[in-house]
Amino acid sequence: VFSYNILIRGFCVNGELEKALDFFNQMEKNGCSPNLVTFNTLIDAYCKLGGIDKAFRLFRSLSKRELRPNLVTYNAILNGLCREGRMKETGAVVDEMISKGLIPDKVTYNTLVNGYCRQGNVHQALVLHAEMVRKGVAPNVITYTSLIGSMCRDGNLHRAMELVGRMRERGLCPNEVTYTTLIDGFCKQGFLDDAYAVLKEMVEIGFLPSIVTYNSIINGHCLLGKMNEAMGIIQDMKVKGLVPDVVTYSTIVSGYCKNGDLEKAFSVNQEMIEKGVLPDSVTYSSLIRGLCEQKKLTDACDLFKKMLSSGLHPDEFTYTTLIDGYCKEGDIKKAFHLHEEMLQRGILPDVVTYSVLINGLSKQARTREAKQLLFRLYYEDSVPDNITYERLMDHCCDREFKSVVSLMKGFCMKGLMTEADRVFESMLERNWGPS
RNA sequence: UCCUCAAUGGGUG
């Protein structure tokens, strides 16, 4: 069983879930019953590869095999929910585990703390942090690193540094990941000096900067348009024996695109291929965006096709990039065609996609279509439920559009009286006045 | 130490 488990895990971390399942089936045939660890491995893999429903299915099937889920099982499921931003559903899962006599442990709390952090809800994360202290589950470096990361994402580097102090008071030392989190935080704000100061400290303490550390620093330079320096860092890391990976190259590619230097972007793209580092969908999206920005939509489309033919799967980022390109060109028809296409591929548009489309329509003074689209957002079950009025309003700039939304709001309020639609109800609860 | 938790690249504004 151990050997099979190890094998299955290997395929899982490689994203080769089918092969993992082959072995899973094979072990049964060979009279080797999968145990809880086998299931946990698969459940975790499903969660990470975005198939949380399948994870749940496996989870429910445990009982038929007289296997009882343990803490690891629940933690994996919770992590799956957190990754999808489905924090609301975590409460029920935690209740269920408690009802089965399982006490949430450090991993459980860390998973949830990180989930809230990623969602931008530092407050709730801190509440959980306090709860774990209260319940005698001591926070560890991972807990603090999650919290520090979320302060960094808020641009609140002071609070992040304060937290480092607080963890030290508890006798915890920042590790390589913690330091990298801080370095990345400073880099994203453009404070390269501070980033280097942290780097210096981490090296003095004896940690070796990882490829992630380097990639963060490279990104920091790219964001400031310091492309030559960024390229120079690649040399530094090679000297240190680190091999640039797809993230390193994509960072550079994206940097050149953002700085309008498509030539260089494509030559780096070429270089990575020559070095055996294959571009992924992120690399392609960056290049596609670069082309769109320069109004080279035909090239963008060709590149998109090339991406498909090389077996890569486009995602909502790829499509939104292209859609935005066409919207900005005023080619709304093509934009909606792409929207159709992504749906057909089973890729769900998200808030940004819809914002792009709606802004595209309203720029064309086609408020009627914008209105219709908004109606669909509210009425259809098929749209992702994380699209809310506020988020849409947040993302839409056009005055005219805002007035359309206001009008819509009025309609929806009336709709509430007759249809008791849950969405409308929540609108009322939020007490929206006329805007 | 057969399984679960933290850091890096792409989309609108």
Side-chain angles (χ1 to χ4, degrees), chain A residues 1-10 12 35-45 47-48 70-80 82 105-115 117-118 140-150 152 175-185 187-188 210-220 222 245-255 257-258 280-290 292 315-325 327-328 350-360 394-398:
Chain A
V1 196
F2 278 31
S3 323
Y4 271 112
N5 285 348
I6 295 172
L7 212 56
I8 288 174
R9 168 145 206 282
C12 285
N35 62 11
L36 188 54
V37 172
T38 322
F39 277 94
N40 287 345
T41 308
L42 287 171
I43 287 173
D44 180 53
C47 286
K48 290 193 173 134
N70 62 7
L71 264 176
V72 175
T73 323
Y74 279 103
N75 288 341
I77 294 266
L78 283 172
N79 191 31
C82 289
D105 66 352
K106 245 179 243 211
V107 176
T108 317
Y109 276 107
N110 285 345
T111 304
L112 293 171
V113 165
N114 188 248
C117 284
R118 288 255 144 218
N140 61 12
V141 201
I142 298 187
T143 325
Y144 279 102
T145 304
S146 286
L147 290 167
I148 289 168
S150 106
C152 287
N175 63 17
E176 172 209 329
V177 176
T178 319
Y179 279 114
T180 302
T181 305
L182 287 165
I183 289 172
D184 183 60
C187 281
K188 289 231 168 73
S210 69
I211 183 143
V212 177
T213 318
Y214 276 103
N215 287 343
S216 291
I217 295 174
I218 289 173
N219 188 38
C222 289
D245 63 5
V246 64
V247 175
T248 318
Y249 285 112
S250 298
T251 305
I252 298 277
V253 165
S254 154
C257 285
K258 284 189 180 130
D280 63 11
S281 62
V282 175
T283 325
Y284 273 99
S285 294
S286 300
L287 288 166
I288 289 172
R289 192 198 100 111
C292 285
D315 57 17
E316 62 273 31
F317 281 71
T318 326
Y319 270 104
T320 305
T321 307
L322 271 173
I323 289 175
D324 182 55
C327 280
K328 287 189 171 139
D350 63 12
V351 242
V352 179
T353 319
Y354 279 114
S355 309
V356 163
L357 284 168
I358 291 169
N359 277 330
D394 265 4
H395 285 264
C396 295
C397 48
D398 192 75

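So that the names make sense, note that chain A is the first sequence line, chain B the second, and so on, each numbered from 1.
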Under the salt bridge (Lys or Arg N to Asp or Glu O under 4.0 Å) test, residues paired with A:K188 that sit two or more places apart: A:D184

Would you classify A:S286 as touching base, sugar-phosphate or nothing, given that sugar-phosphate means primed atoms plus P, OP1 and OP2, and contacts are heavy atoms under 4.0 Å? sugar-phosphate

Check the distance between B:G10's P and A:D324's CG and give it to me in whole angstrom. 16 Å

Using whole Å, report how far CD1 of A:I252 lies from C1' of B:G9. 10 Å

Rounded off to whole Å, could you give me the OH-to-C1' distance for the A:Y319 and B:G10 pair? 16 Å

Kindly write out the residues that satisfy ring pair (Phe, Tyr, Trp, His ring centres under 6.0 Å) with A:Y214, not counting sequence neighbours, or none if the list is empty. none

Residues two or more places apart in sequence or in another chain: which of them pass ring pair (Phe, Tyr, Trp, His ring centres under 6.0 Å) with A:F39? A:F24

Tell me, please, which residues at least two apart from A:I142 pass side-chain contact (heavy atoms from CB on, under 4.5 Å). A:N110, A:N140

Would you say a side-chain N or O of A:K328 is under 4.0 Å from OP1 or OP2 of B:G11? no

Please report the distance, rounded to the nearest Å, between CD1 in A:I323 and P in B:U12. 12 Å

On the side chain of A:D280, is there an atom forming a donor-acceptor pair with the base of B:G9 - under 3.5 Å, no angle test? yes

Could you state the atom-to-atom distance from CD1 of A:I211 to P of B:G9 in whole Å? 13 Å

Base, sugar-phosphate or nothing for A:T353? Non-hydrogen atoms, less than 4.0 Å. base

Would you please name every residue forming a ring pair (Phe, Tyr, Trp, His ring centres under 6.0 Å) with A:Y109, sequence neighbours left out? none

Under the rule of Watson-Crick or G-U wobble with both distances under 3.5 Å, where | means paired to another strand and [ ] a crossing pair, RNA chain B maps to .............

Should the side chain of A:T318 and the base of B:G10 be counted as holding a donor-acceptor pair, with the cut-off at 3.5 Å? yes

A:C222 and A:T251 have their tightest heavy-atom pair at SG-O, 3.8 Å

Looking at every strand, decide which applies to A:V253 at a 4.0 Å heavy-atom threshold: base, sugar-phosphate, or nothing. nothing

side-chain contact (heavy atoms from CB on, under 4.5 Å) partners of A:L7, counting only residues at least two apart: A:F11, A:F23

Could you state the atom-to-atom distance from CG of A:D315 to P of B:U12 in whole Å? 14 Å

In whole angstroms, the gap separating C1' of B:G11 from CD1 of A:I288 amounts to 11 Å

Closest contact, heavy atoms only, A:V356 versus A:D324: CG1-CA, 3.5 Å

Is there a side-chain contact between A:N35 and A:N5 (heavy atoms, below 4.5 Å)? yes

Are A:K258 and B:G9 close enough that a side-chain N or O sits under 4.0 Å from OP1 or OP2? no

For every nucleotide of nucleotides 1-7 of chain B, 5' to 3': is a protein heavy atom under 4.0 Å from its base (B), only from its sugar-phosphate (S), or from neither (-)? -BBBBBB

May I ask you to verify whether the side chain of A:T251 and the base of B:G9 hold a donor-acceptor pair under 3.5 Å? no

From NZ of A:K188 across to C1' of B:G10 the rounded distance in Å is 12 Å

Would you say the base of B:G13 and the side-chain of A:N359 have a donor-acceptor pair closer than 3.5 Å? no

Which residues pass the ring pair (Phe, Tyr, Trp, His ring centres under 6.0 Å) test with A:Y284, sequence neighbours left out? none

